[in-house]
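The structure appears below as structure tokens.
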Amino acid sequence: MVPPTLLPIELPTLNVTTCMDRLSSPVSGRASFAKLFGFSLVFCLSSIVTTSTSKMALVSINCPLVLVGLGQLVATLFVLLVMKQAPVTTFPALTLAELKRTFPLSAAYVLSLFLALEGIRSADFSVYVLLQWLTLLFVAAGQALVFSHYESLHVNAALVMTQLGTFITAIHYYSAGQYAGAVVVVLSNTVYAGYLLSASKTLWGDQMEPAKLLYCNTVVGICIVVLVAAAKGDLRAVFDYPHWANSNFVLVFSLSCACGAIAPLAALVLLRDTSPLTFAVVDGMKNLAVTYVGIFLASEFRFEMPLWRLYGTHVTVAGCLFYIYYRMYYSECTPNLDIVKVSGEQNLDIVKVSGEQNLDIVK
């Protein structure tokens, strides 16, 4: 039995979202610009404060790595519980099945967190910021492998511009011998790119709320960190840390934990409303802000101002702006759904007709 064709069905009523739709559709079609700009600003500011205060805690105050990482995880759990009780957000209690299902993603989240902290500690701050741009390359490659989604010529041109700027800037650091800790940072970027791709599949495919996903990651992460730290004897270093009463340490550590709790939640919201690649570009814009502030204010950047480094930075800026402009105004939504399972009951073959909302439905 074939029902009448061209039934006017609203696509949102299907309550189905696929990764291909999310990756192809423009930003303006999924969430308002004001909302995305607000969450982007919150993410960038909190991430900048987290990175800088973590650098100060790990290097200047010689704080144990496990203390900074565990403090951020505990602070994240506390913020989520407060938001649930407020109630700013709501999510059901975790089940053992959900914890098992999200365990690989939670483990990747914790691994990327501690690799990032190790990269912040071991690498020069400027080198760490520079190598963060490689996340764009890893995410673009991951989208092709995981989602079989290949970007348009305009997006690829923007990515080439960002990576070209990164390469030009890297020439200066390599010639100056400032590449200590680069391997750890690259490894951190690789794991983080994998986490972004896996998290996007969970947010879109399983329709899991960002707060609940972060809650899963935090609960599992705290358990993993405590067990590993206890096995290695690092918990004793936390309790024996001599600067608990130091006001500078308390201030830096508190800012690191507070902003380290806000940044991952804003990141997941942006990831849900955009795509892994778009979020990686937003993350890159945060790194550019750190670079420009460092050029004019921080002594680590101010010792010299090589032209090649400025050229590379501005090429990267141009690539990011072109990507954002294209996503906001020229990217078209091209749904790629063949069969969609609706409510577990019936399969619908969806055909878009002349860009209208009319759908030809074949049971």
- Query: Does a side-chain heavy-atom distance below 4.5 Å link Leu277 with Tyr323?
  - Reply: yes

- Close side-chain approach of Val250 to Trp244, heavy-atom, < 4.5 Å: no

- Item | Nearest-0.5 Å distance, CG of residue Leu73 to CD1 of residue Ile222 | 5.5 Å

- Message: Test: ring pair (Phe, Tyr, Trp, His ring centres under 6.0 Å). Region: residues 43-86. Which pairs qualify, not counting sequence neighbours?
- Response: Phe43-Phe279

- Enter the distance from Leu265:CG to Leu270:CG here, rounded to the nearest 0.5 Å. 10.0 Å

- Message: Side-chain heavy atoms nearer than 4.5 Å, only ILVMFWY residues, links allowed to pass through others: does that put Leu65 and Leu113 together?
- Response: yes

- Donor-acceptor pair, side chain of Thr278 and main chain of Thr274, under 3.5 angstrom: no

- Message: Give me the atom names and distance for the closest heavy-atom approach of Ala237 to Pro64.
- Response: O-CG, 4.1 Å

- Message: Is there a continuous path of hydrophobic side-chain contacts, each under 4.5 Å between heavy atoms, that joins Val269 to Leu81?
- Response: yes

- Message: Looking only at side-chain N and O atoms, does Asn217 offer a donor or acceptor that is under 3.5 Å from a partner on Tyr195?
- Response: yes

- Message: Less than 4.5 Å apart, side chain to side chain, heavy atoms only: is that true for Leu187 and Tyr192?
- Response: no

- Query: Between Thr162 (side chain) and Leu159 (backbone), is there a donor-acceptor pair under 3.5 Å?
  - Reply: yes

- Query: Does a donor on one side chain and an acceptor on the other come within less than 3.5 Å for Thr218 and Tyr109?
  - Reply: no

- Item | Nearest-0.5 Å distance that lies between atom OH in Tyr215 and atom CG in Leu80 | 8.5 Å

- Salt-bridge present (Arg121, Glu118; N to O < 4.0 Å): yes

- Message: Let me confirm one number: the OG-CD1 distance from Ser106 to Ile224, rounded to the nearest 0.5 Å.
- Response: 7.0 Å

- Query: Among side-chain atoms of Thr50 and Ser47, is any donor-acceptor pair under 3.5 angstrom?
  - Reply: no

- Hits for side chain to side chain contact (heavy atoms under 4.5 Å, CB included) against Leu251, two or more places apart or cross-chain, chain-then-number order -> Leu255

- Query: Would you say Val68 and Val184 are hydrophobically clustered, going by side-chain heavy atoms of ILVMFWY under 4.5 Å?
  - Reply: no

- Query: With sequence neighbours excluded, what pairs up with Leu203 under the side chain to side chain contact (heavy atoms under 4.5 Å, CB included) test?
  - Reply: Pro210, Leu213, Leu268, Leu271, Arg272

- Query: Under a single-linkage definition using a 4.5 Å side-chain heavy-atom cutoff for Ile, Leu, Val, Met, Phe, Trp and Tyr, are Val74 and Phe249 assigned to the same hydrophobic cluster?
  - Reply: yes

